[in-house]
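Just the heavy atoms: all of them, side chains too, but no hydrogens, waters or symmetry mates, feed the values below. Here the structure is a predicted model, which is why all the values come from computation and not from measurement.
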Amino acid sequence: MTEANPLEEEKKSLNFIEAIVEKDLAEGKNSRKIQTRFPPEPNGYLHIGHAKAICMDFGIAQKYNGVCNLRFDDTNPSKEDVEYVDSIKEDIQWLGFQWGNEYYASDYFQQLWDFAIALIKNDKAYIDEQSSEKIAEQKGTPTQAGTESPFRNRPVSESLELFNKMNSGEIAEGSMVLRAKIDMASSNMHFRDPIIYRVIHHPHHKTGTSWKAYPMYDFAHGESDYFEGVTHSICTLEFVVHRPLYDWFIDELKKLHPEDGEYRPRQYEFNRLSLTYTVMSKRKLLQLVKEGYVNGWDDPRMPTLCGYRRRGYTPESIRNFINRIGYTKYDGIIDVALLEHSIREDLNYKAKRVSAVLNPVKLIITNYPENQTEMMEAVNNPEDENMGSHEIIFSRELLIEREDFMEDAPKKFFRMTPGQEVRLKNAYIVKCTGCKKNEKGIVEEIYAEYDPMTRSGMPESNRKVKGTLHWLSEKYSYPAEVRLYDRLFLVENPNEDKEKDFKELLNPDSLQILTNCRVEAELLSAKPYDNFQFQRLGYFNVDPDSKDGNLIFNRTVSLKDTWTKIKDKD
RNA sequence: UGACCCAUGGUGUAGUGGUAGCACAUCUGAUUUUGGUUCAGCCAGCCUAGGUUCGAGUCCUGGUGGGUCAACCA
């Protein structure tokens, strides 16, 4: 056992959370137990940002022989729905993770209620009957201390009685809340008597109408961690300011549970994922779906996990991406190119290449016999011989990509142009002899002559030509309905007003899309799949029998920061 | 005129107080029956000023810059 190398390698790549976990383990904290949780609120679909949290929460558990449970933070029934519960579970599994137990914060409503009662009895919580405006006003500002509520020192018995009423249905929403009695002058706004219970009459997706008073996040999250035995409660940076309150409640809880000894959950925070050109706010994504700007949460333009899935992203590529970007406390913006690199890398290795012509123009091989056909062999994946090959029918009248032809070509144009030889992939070398244009000057047919000695595999076929084009036989190809997606999500311009950009996006008259980016397409319907191949490098990452096929064209056009206004997109 | 968090090439991320690495992006060249892939290479970095130290990206202090916090959201 002299190889200390792998271990050292691992040590080097530790992120700061892992370093903390290892330290805790070394110090014997929480009896050397590791337990995490992934705590989504079921109020939307998971997006790529959640993937980062998932990889962290589940990753830590995996790496240190702990457990990671799934816990739905369902303390606000007015926003939540079972539809979201189901999609969240599906997406986590698709990403490649499996939770230990499935919990709900609502499982703890009774325990939380009892805890709240205990706080009231200890004079650490009280019922406030002021309006939300009044309470906000008394809260002060970050630089100005708050003032105490006139209800702050009401008798315990009164609070107890009103708290029960809050849950009985006789109290209207908004007319009464339970507040923790902490410190209205604290420099931490969250300590200024935070609201811990409010009244909501909307039925809960799990508990129905049995509760009317619901705990707030701050009063439910740490407590749920505690009830479950979570040791490392990992979340994003915006919760840093909540941590003192998290600890305050845990302290109170521990006073009631001396039997729990040294155990306590601790919160750690890492930087949230933001991606260039990508809208990540749940609120905005919800708006895009609800108002019909996209076809649903899994619209391929959405940055949701199901959107990426439908677009052809693999779970491996997303995990690799997350691995690459790391976890720190620095709030940066990741270049989406890194994500795209991850999917290209993965697909290059595993995707089967097939043929398709998107924007066809007819190519006639004038010296090829009228009714002759030949079967040409096409390798499925040049990166992997084991993937085999398939056949494509060659004939006199072909289709090629319109942009692969230029009548007057510049020097660096290596594709079809009069007088220049190009190879038709898997077939012959041909030389363009001219074209026919209509009265508007649009090219209708292109003519070329083939060299019979240059069929793939023949000795002459080794002749060097600069360009290789993909093609289909006009007669032996099938139409497919393909919808193109340019990158839709703009935003990202650190100095600009993102909110304004978003409004622009929603305005159909000035729908901004980024041009010059890789074209991505969704195959809506396709007959036999071998007849599709893509521009230059076509990636086809889909079960051929699946109706929900996805295509990714790897055009590798460089991403430019140029915006173009396009109307009537879609 | 608050509290808390943060600062390493264009972007992101490593660096027990001891030669600043890696990935992506860009650009150049080679290979290539996908303008893909692969390979080689270029460009480019420790916010600032002090202090501690033989030695500071790392520790301390002060600046500067950025972020978070004032929902009956999570």
Side-chain angles (χ1 to χ4, degrees), chain A residues 11-15 39-41 43 73-76 78-80 105 128 131-132 135-137 139-146 173-179 186-192 195-200 214 216-218 220-221 235 237-244 269 271 276 282-283 321 323-342 344-345 348-349 353 355 378-379 382-383 412-415 422-427 429 454 456-457 461-470 494 533-539 554-559:
Chain A
K11 268 227 154 72
K12 276 205 165 147
S13 61
L14 281 195
N15 61 51
E41 182 188 15
N43 69 345
D73 244 334
D74 55 351
T75 57
N76 184 357
S78 64
K79 289 192 172 175
E80 296 149 9
D128 197 333
S131 67
S132 63
I135 291 175
E137 189 188 314
K139 207 146 204 179
T141 69
T143 54
Q144 224 177 343
E173 285 187 18
S175 60
M176 199 177 280
V177 293
L178 181 68
R179 293 229 258 167
S186 172
S187 57
N188 184 334
M189 297 296 288
H190 298 280
F191 269 20
R192 323 247 263 227
I195 292 168
I196 58 179
Y197 261 90
R198 74 310 205 177
V199 176
I200 299 174
Y214 291 91
M216 298 282 290
Y217 166 84
D218 280 313
H221 201 97
C235 59
L237 243 24
E238 67 270 24
F239 291 99
V240 169
V241 280
H242 292 249
R243 194 187 334 130
E269 312 87 8
N271 59 342
T276 53
K282 248 190 192 179
R283 200 201 86 227
F321 166 70
N323 246 325
R324 282 193 169 97
I325 62 176
Y327 297 87
T328 67
K329 301 183 105 169
Y330 177 72
D331 254 312
I333 299 171
I334 312 277
D335 192 335
V336 75
L338 197 50
L339 210 212
E340 294 177 338
H341 172 261
S342 297
R344 281 206 210 101
E345 179 187 48
N348 179 51
Y349 167 72
R353 274 66 159 169
S355 306
V379 167
E383 307 298 315
K412 290 264 187 175
F413 186 81
F414 300 133
R415 292 173 249 173
V422 292
R423 174 180 307 282
L424 295 177
K425 188 166 167 63
N426 304 309
I429 290 176
T454 58
S456 291
S461 73
N462 289 329
R463 196 191 315 157
K464 298 284 180 226
V465 286
K466 286 277 206 174
T468 303
L469 307 187
H470 60 271
Q533 170 165 12
F534 305 117
Q535 316 252 116
R536 308 281 84 79
L537 208 213
Y539 283 137
N554 196 342
R555 285 288 287 115
T556 6
V557 181
S558 62
L559 195 65

Integer angstrom distance from the P of C47(B) to that of G12(B): 14 Å
Looking at Glu269(A) and Arg243(A), does any basic side-chain N land under 4.0 Å from a carboxylate oxygen? yes
Side-chain N or O of Lys464(A) closer than 4.0 Å to phosphate OP1/OP2 of U32(B): yes
Which whole number of Å gives the distance between the C1' atom of G15(B) and that of G45(B)? 13 Å
Is the closest side-chain heavy-atom distance between Thr75(A) and Met216(A) below 4.5 Å? no
Spacing between Leu339(A) atom CG and A25(B) atom P, to the nearest angstrom: 12 Å
Where the side chain of Ile135(A) is concerned, which of U33(B), C72(B), A25(B) is the nearest nucleotide? C72(B)
Looking only at the side chain of Asn271(A) (C-beta and beyond, no hydrogens), which of the listed nucleotides U13(B), A25(B), G36(B) gets closest? U13(B)
With a 4.5 Å limit on heavy-atom distance, are the side chains of Tyr217(A) and His242(A) in contact? yes
Watson-Crick or G-U wobble partner of C22(B), both distances under 3.5 Å: G12(B)
Taken to the nearest whole Å, CD/Glu173(A) to C1'/A71(B) is 15 Å
Atom C1', compared across C72(B) and G67(B): separation rounded to whole Å: 27 Å
Looking at C73(B), which nucleotide sits across from it as a Watson-Crick or G-U wobble partner, both distances under 3.5 angstrom, or is there none? none
Side chain of Glu238(A), heavy atoms from C-beta onward: which of A71(B), U68(B), C24(B) has the nearest atom to it? U68(B)
In Å and rounded to the nearest 0.5 Å, what is the NZ to CG distance from Lys425(A) to Leu469(A)? 11.0 Å
Interatomic distance at C1', C27(B) relative to A14(B), whole Å: 25 Å
Calculate, to the nearest 0.5 Å, the distance between atoms NZ and NE2 belonging to Lys139(A) and His190(A) respectively. 8.0 Å
Nearest whole angstrom, please: distance from the C1' of G66(B) to the NZ of Lys329(A). 16 Å
Could you tell me whether a side-chain N or O of Asp73(A) sits under 3.5 Å from a main-chain N or O of Ala105(A), the two making a donor and an acceptor? no
How about Arg324(A) and Ser342(A): does a side-chain donor come under 3.5 Å of a side-chain acceptor? yes
Whole angstrom value for the distance that separates C1' of C24(B) from CD1 of Ile325(A): 12 Å
Between Arg198(A) and C73(B), does any side-chain N or O lie under 4.0 Å from OP1 or OP2? yes
Which one is paired to C27(B), where only Watson-Crick or G-U wobble pairs with both distances under 3.5 angstrom count? G41(B)
May I ask you to say what Glu41(A) touches in the nucleic acid, namely base, sugar-phosphate or nothing, with a heavy-atom cut-off under 4.0 Å? sugar-phosphate
Is it the case that U13(B) (base atoms only) and Thr328(A) (side chain only) share a donor and an acceptor within less than 3.5 Å, ignoring hydrogens and angles? no
When you measure from the side-chain N and O atoms of His190(A) to the phosphate of C69(B), is any distance below 4.0 Å, counting only OP1 and OP2? no
Which nucleotide, if any, forms a Watson-Crick or G-U wobble pair with C59(B), using both distances under 3.5 Å? G51(B)
Taken to the nearest 0.5 Å, the spacing of Glu340(A) CD from Phe321(A) CZ works out to 10.0 Å
Distance in Å, Asp74(A) CG paired with Glu80(A) CD, rounded so as to fall on 0.5 Å steps: 5.5 Å
Heavy atoms under 4.0 Å, any strand shown: does Phe414(A) hit a base, just sugar-phosphate, or nothing? base
Regarding Gly174(A), tell me which of base, sugar-phosphate or nothing describes its non-hydrogen contacts under 4.0 Å with the strands shown. base
Under a 4.5 Å cut-off applied to non-hydrogen side-chain atoms, are Arg179(A) and Ile135(A) in contact? yes
Among A7(B), A25(B), A74(B), which nucleotide sits nearest the side chain of His341(A)? A25(B)
G21(B) versus C46(B) - spacing of their P atoms, nearest Å: 13 Å
For Tyr327(A), report the nucleic acid contact type (base, sugar-phosphate, nothing); a contact means any heavy atom under 4.0 Å. sugar-phosphate
Distance, rounded to the nearest Å, where Asp218(A) contributes CG and A70(B) contributes C1': 14 Å
Separation of Tyr349(A) atom OH from U37(B) atom C1', in whole Å? 14 Å
Reckon Pro382(A) touches a base, only the sugar-phosphate, or nothing at all at heavy-atom distances under 4.0 Å? base
Categorize Leu237(A) for me: base, sugar-phosphate, or nothing, with a 4.0 angstrom heavy-atom threshold over every strand shown. nothing
How many Å lie between CZ on Arg324(A) and P on A23(B), as a whole number? 10 Å
If only side-chain N and O atoms count, and only distance matters, is there a donor-acceptor pair under 3.5 Å linking Ser456(A) with Asn426(A)? no
Anything under 3.5 Å between a protein N or O and an N or O of nucleotides 1-4 of chain B, put it in a table, one pair a line.
from, atom 1, to, atom 2, distance (Å)
G2(B), N3, Pro142(A), O, 3.0

Considering every strand shown, what is the Watson-Crick or G-U wobble mate of A7(B) when both distances are under 3.5 Å? U64(B)
Could you tell me how far U16(B) sits from G36(B) if I compare only their P atoms? Round to whole Å. 39 Å
Using heavy atoms to find the nearest nucleotide of RNA chain B for Arg423(A) and Ile334(A) separately, return the residue whose nucleotide is more 5′. Ile334(A)
If the P atom of G18(B) is compared with that of G55(B), how far apart are they to the nearest Å? 14 Å
Heavy atoms under 4.0 Å, any strand shown: does Phe413(A) hit a base, just sugar-phosphate, or nothing? base
When you compare G62(B) with G9(B), how far apart are their P atoms, in angstrom units rounded to a whole number? 24 Å
Rounded distance in Å - CG (Asn462(A)) to C1' (U33(B)): 10 Å
Indicate, with a heavy-atom threshold strictly under 4.0 Å, whether Ser342(A) touches base, sugar-phosphate, or nothing. nothing
